[in-house]
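Quick caveat, the model's predicted, so the values are computed rather than measured.
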Amino acid sequence: YQPSWFPSLERANDMKNLLTSASLLALCALPAASQDAFDLGQITLFSSLTPTNVNNSGTVVEIVNQQTLTQSGRTRLIDTIDTLPGVSISGNGGMGKKALLSIRGLPNRYIPVYIDGIDMTDPTETQTQFNWGGLLNDGIGQIEVLKGSQSALYGSEAIGGVVNISTQSADRMGQSYRFSSEIGSYNTKSASVFVANKSKRSELALTLSHSNTDGFSAAEEEAGNTEADGHRSNQAILSGNVAATDAVRLGFTLLVQDEAQNIDAGGGAGGDADRPYFTDRTAARVFADVTTGNIEHTFAASTSQTKRNDPGTTRTNTFAGNRTEIEYQGTAKQIGVDISFGAKYSKEDFISQNLSTPSTEQGQFDIASVFGEAQFELNDATDVSLALRQDDHSTFGGFTSGRAAIVRRLSDSTRIRASLGNGFRAPSLYELYGPYANLSLAPEESSSAEIGIEHDYANGASIQATAFYTKIDNLIEWSSGAYNQVDGTSVFKGIEVAGGFALTEAVTVTGSYTYTDAKDRNGSQIKRIPQNNIELGLTTEFSDALTGSVSLSHVAGRAKDGSPTTVMPDYTVVNASIGYDISETTNAYLRIENLFDKEYQTANGYGTSDRAAYFGIRADF
């Protein structure tokens, strides 16, 4: 017996793909043409050294594909990622302002970010990390969010997880075009165009995007700050590949982005005067995939550069950071086991200048690494992955990291996953050579564990739960006017639960709850990490052409923040959207953010958007 409100088989399969990844992006998404668009795929490209079916991966990875990104209707990529279980953000204002990501309570500095294999974290930041504030959805094809220690695969910084981003590519043979344009509150205007050509042996894709907004005050308006802080961004992504022979494929990616904005003098509640701020990013990677016998080889070289110019109020600061990497990886596929191995060399340098003093700080280091992984079937129902990595840091010497992961399929619909790993974070160039340098610092070290279970129902519904634990020793903290090593252990632990089901064939409900207990060495709750985070959403099809969605995000239990410390109230934010398919290739939408005009802060002293409405149109042909 199957009740009439159960989804059809086709819709059930689509829903299973959505919920298996535990992605709640649909909660704040722009409606799509139909529920058939919700297919987040089954292959993870980055949770192991070789592509792996998600049902065979022992680590938890959230996969967000291009279709879901398009449906989200959001401009900033981080606003889309924020709806995933275990993920939270804090920001210093609106579009373009500094926005930081945490995974399972681990702050942004423990989460490296890769775009098409290029490490995009900024070597000039006080602690090497990526500023998400200005990265746009446009040009992005897929996101994979890995959780837990990944140093065995990605080396330093990868204690809390890794975000791997793949740029947009053609999804069909021949020429294809995509166009989007949006206008809305705060005099916001944005547009993007995607052009691609794909043949049996080659592919070339280009995305150009622009956004501009008058914005709102970065300093909290409720504190009397009314001067708007605008933002402008231009972004270009060019990628391509060609089969030079049947055994050799060559490819490249080029990314260029420039941002200009105003931030408030002194930041946060420190002032409301104009303060211009500029950021430029460039990155490139070339690669060659070569097949010889049963071994697949990849040779790659990449470079990334971040420049920041902060004229300030009484001085002018400039920052420039560079990273160059050369990597080789080989994969041998044997009967019942995949063996991957490789080596990597990475060099980082930075220079910081105060042009008003004047003064200059600069430094560099390099890391040479060797790594390997074995994936195999223990039996028909059990898959195991074992990874090991040795990093040799020019300043700190060697560090060995490992990871073991296992997935046990109790049935076709029920899986148990577990993993153990350790990791490290080497002190950043700024911590070592900046104005508050401390050359006696040593790497932070971590260990982590997780275990989870997930179940898919016959009607397409799904539920999963994961318990996680990470501890970090030798933490580097700011104290007494410098960065210092401190004794003790910081602990991050909790549980994620996510799932969803179809109320009717036209109405889908999804939700997640994350509890995070993040404590420093003194047992105090870590700032800006909520203990409780709830995401709920409902999507519906009013007709074949008309769809809608409503999402709710509830954050509770945050530590006091700021100086002097301020109680951070709980908050609930609701977003809504409606979309209409004008034709098979064109969709128009209306999105309302902060539907009930809630006043809230993700970081003490910094503003967030009031109720705002945006209208846009997308075409794909």
Side-chain angles (χ1 to χ4, degrees), residues 1-27 34-45 47-48 51-65 67-68 83-86 144-148 336 375-385 404-419 449-468 495-514 535-539:
Y1 172 71
Q2 179 172 298
S4 60
W5 52 266
F6 273 27
S8 65
L9 180 60
E10 181 181 359
R11 288 174 55 83
N13 288 336
D14 292 331
M15 188 178 200
K16 177 179 177 181
N17 290 336
L18 170 65
L19 298 174
T20 297
S21 68
S23 169
L24 299 183
L25 300 177
L27 308 188
S34 70
Q35 289 291 335
D36 293 341
F38 287 99
D39 183 356
L40 299 188
Q42 295 294 312
I43 300 297
T44 168
L45 302 176
S47 66
S48 294
T52 305
N53 188 293
V54 292
N55 289 341
N56 299 93
S57 174
T59 59
V60 175
V61 53
E62 315 285 0
I63 302 176
V64 183
N65 75 352
Q67 196 78 1
T68 303
T83 58
L84 293 169
E144 294 189 34
V145 179
L146 284 63
K147 300 178 181 179
Q375 297 184 80
F376 56 91
E377 293 182 357
L378 197 61
N379 54 51
D380 290 342
T382 308
D383 292 287
V384 176
S385 169
I406 185 172
V407 56
R408 172 73 176 178
R409 292 177 291 279
L410 302 181
S411 66
D412 291 340
S413 58
T414 305
R415 295 168 294 279
I416 295 178
R417 307 179 194 271
S419 66
E450 65 182 53
I451 185 169
I453 185 170
E454 60 185 53
H455 180 75
D456 303 323
Y457 294 91
N459 66 335
S462 179
I463 189 169
Q464 65 177 32
T466 303
F468 54 86
I495 188 170
E496 303 166 352
V497 180
F501 62 96
L503 289 175
T504 70
E505 289 193 1
V507 180
T508 300
V509 176
T510 53
S512 74
Y513 168 71
T514 303
E535 300 283 345
L536 297 173
L538 181 148
T539 60

**Message:** Set out, in order, the CA-CA distance, both residues' side-chain angles and the distance that settles side-chain contact (heavy atoms from CB on, under 4.5 Å) for His455 and Arg415, then state yes or no.
**Reply:** CA-CA 7 Å; His455 180 75; Arg415 295 168 294 279; over 6 Å; no

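- In this structure, CG in Leu146 is found 8.5 Å from OG in Ser48, a value given to the nearest 0.5 Å.
- Rounding to the nearest 0.5 angstrom, the gap separating the OG1 atom in Thr466 from the CD1 atom in Ile416 is 11.5 Å.
- Between the side chain of Arg417 and the backbone N or O of Ile453 there is no donor-acceptor pair closer than 3.5 Å.
- A heavy-atom distance below 4.5 Å is found between the side chains of Val64 and Leu84.
- Within a 6.0 Å sphere centred on CG of Asp380, other residues, nucleotides and ligands contribute 12 heavy atoms or fewer.
- Note that the CD atom of Glu377 and the OG1 atom of Thr382 stand 9.5 Å from one another [nearest 0.5 Å].
- In terms of heavy-atom proximity, Val497 sits nearest to Ala465 at CG2-CB, 4.1 Å.
- Put simply, CG on Asp456 and CG on Asp412 are 10.0 Å apart, with the number rounded to the nearest 0.5 Å.
- Taking CZ from Phe501 and OG1 from Thr508, the interatomic distance works out to 9.5 Å, rounded to the nearest 0.5 Å.
- Of all non-hydrogen atoms in Ala461 and Gly500, the two that sit nearest each other are CB-O, 3.2 Å.
- Remark: the Thr414 side chain and the Glu454 side chain contain no N/O donor-acceptor pair separated by less than 3.5 Å.
- The backbone N or O of Ala498 lies less than 3.5 Å from no partner atom in the side chain of Ser512, so there is not a single donor-acceptor pair.
- Atom CG of residue Asn56 and atom OG of residue Ser385 lie 11.0 Å apart, to the nearest 0.5 angstrom.
- Note on Arg408 versus Asp383: no salt bridge recorded, every NZ/NE/NH1/NH2 to OD/OE distance being 4.0 Å or above.
- Tested against Ser47 for a side-chain contact (heavy atoms from CB on, under 4.5 Å), the candidates Thr59, Val145, Ile63 yield a single pass: Thr59.
- Across all non-hydrogen atoms, the minimal contact from Ile495 to Phe468 is N-CE2, 3.4 Å.
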